[in-house]
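Following: one structure in structure tokens, then a few remarks.
Counting from 1, the numbers follow the sequence of the chain as shown. All figures in this text were calculated on a predicted structure; none of them were measured in a lab.
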Amino acid sequence: MSENSAAATAKISAALGSMEQGSVVSEVAERLLAYFTSGEIAVGTRLPAERQLAASLGVGRSAVREALAALEILGIVIVRPGSGTYLRDGISELLPRTLSWGLMLGAPRTRELVELRSGLEVQAAQLAAERIDDDALGRMRANLQTMADNLEDLAAFVEADAAFHREIAASSGNQVLRELLQSIRSLLRIWVDRALTDEGHAAAALKEHGEIFAALEAHDPAAVTETMRSHMATASRRLLAGFDAAQ
């Protein structure tokens, strides 16, 4: 490690300071996120080792490891095997202001985030109803076919489902909305993956997506609003049922 790099990691460790005993992973993640997005350190800086961060914060290495994993999912840091963990470029300023509290979510915040996601998905669909083009519709049609072909392969079904929703967000033409939805999906990913538990759930979800697609293809904002609201209501119930079962 170069002298400049060593000085940078020492600065990070000193700036973070120790935390009170009993702090949970979410608090570690929030402390790291607040500092990493403060502008105090340059993008591309190599972060201190887990043991050094743990010592600086006064917590166990496992808490630091889980917090860094959450930050990697959100695109705040990047892990380079054999080299270390680095602060990533291109961090959205909106993220720490709107989502830092949601890292490693507890039960009340998970429910609030699911509620927020539902509203944003409806808004994205409303905008997409007016702006979506034939290329995006073609990709969504392919997503629907993949879902239909994989009613028994739930992992493949969920990925096609996510791709369908990403197309809607992209077609909204609102980059801020698109990035917020992507961040929320990342935070909820583990529960989204568990929401579909059998072929019956998948078949119902496929029908809901088909109705949304038909409304988008018709460029009908009222129908898009109705179908997306209905889908998000049932999708949220499925997601929260899986979350509650795990508590």
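- Between Arg46 and Arg80, the closest side-chain pair of non-hydrogen atoms is not below 4.5 Å.
- Contact check for His165 versus Arg117: no side-chain heavy atoms found under the 4.5 Å cut-off.
- With Ser230 contributing its side chain and Glu226 its backbone, the two residues share no donor-acceptor pair below 3.5 Å.
- Ala124 and Ser172 make their closest contact through O-CB, 3.7 Å (heavy atoms, listed as atom of the first residue, atom of the second, distance).
- Within 6.0 Å of CG in Asp134 there are 12 or fewer heavy atoms belonging to other residues, nucleotides or ligands.
- Ion pair Glu167/Arg131 not flagged as a salt bridge, since none of the NZ, NE, NH1 or NH2 atoms sits closer than 4.0 Å to an Asp/Glu carboxylate oxygen.
- Inter-residue side-chain proximity for Glu208 and Met228 is flagged as unmet; no heavy-atom pair is nearer than 4.5 Å.
- Inter-residue side-chain proximity for Leu216 and Thr227 is flagged as unmet; no heavy-atom pair is nearer than 4.5 Å.
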Working for side chain to side chain contact (heavy atoms under 4.5 Å, CB included), residues Leu181 and Arg166: CA-CA 9 Å; Leu181 275 168; Arg166 287 195 296 269; over 6 Å; no
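- Among all heavy-atom pairs drawn from Ser236 and Val114, the shortest one is OG-CG1, 3.4 Å.
- Salt-bridge check for Glu211 with Lys207: passed, with a basic side-chain N closer than 4.0 Å to an acidic carboxylate O.
- Few gaps surround CD on Gln175; more than 12 heavy atoms of other groups in view lie less than 6.0 Å from it.
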After noting the C-alpha distance and the side-chain angles of Val59 and Leu53, does the key distance pass the side chain to side chain contact (heavy atoms under 4.5 Å, CB included) rule? CA-CA 8 Å; Val59 298; Leu53 288 172; over 6 Å; no
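- Salt-bridge check for Glu66 with Arg61: failed, with every basic side-chain N at 4.0 Å or more from each acidic carboxylate O.
- Here the side chains of Arg139 and Asp135 are in contact, with some heavy-atom distance below 4.5 Å.
- Within the 4.5 Å cutoff, the side chain of Arg229 has no heavy atoms near those of the Glu121 side chain.
- Side-chain heavy atoms closer than 4.5 Å link hydrophobic residues (I, L, V, M, F, W, Y) into clusters, and following such links, possibly through other members, connects Ile212 to Met232.
- One hydrophobic cluster, built from ILVMFWY side chains closer than 4.5 Å, holds both Leu116 and Leu177.
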I would like to know whether Glu130 and His219 meet side chain to side chain donor-acceptor pair (under 3.5 Å); could you show each step before the answer? CA-CA 6 Å; Glu130 301 175 356; His219 297 278; over 6 Å; no
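- Side-chain heavy atoms closer than 4.5 Å link hydrophobic residues (I, L, V, M, F, W, Y) into clusters, and following such links, possibly through other members, connects Met140 to Val122.
- Note that CG of Leu240 and OG1 of Thr110 are 8.0 Å apart. Values are rounded to the nearest 0.5 Å.
- Counting heavy atoms from C-beta on, the side chains of Leu180 and Val176 come closer than 4.5 Å.
- Both Leu206 and Ile168 are assigned to one and the same hydrophobic cluster, defined by single-linkage of ILVMFWY side chains at heavy-atom distances under 4.5 Å.
- Residue Leu71 comes nearest to Ala29 through the heavy atom pair CD2-O, 4.3 Å, listed as atom of the first residue, atom of the second, then distance.
- Asp149 is not listed as a side-chain neighbour of Phe157, based on a closest heavy-atom distance of 4.5 Å or more.
- In this structure a side-chain-to-backbone donor-acceptor pair under 3.5 Å is missing from Asn150 to Asp153.
- When all heavy atoms are compared, the tightest approach of Ala202 to Leu154 is CB-CD2, 4.0 Å.
- Cation-pi geometry between Arg141 and Phe213 is not met: the NZ or CZ atom fails to fall both under 6.0 Å from the ring centre and inside 45° of the normal.
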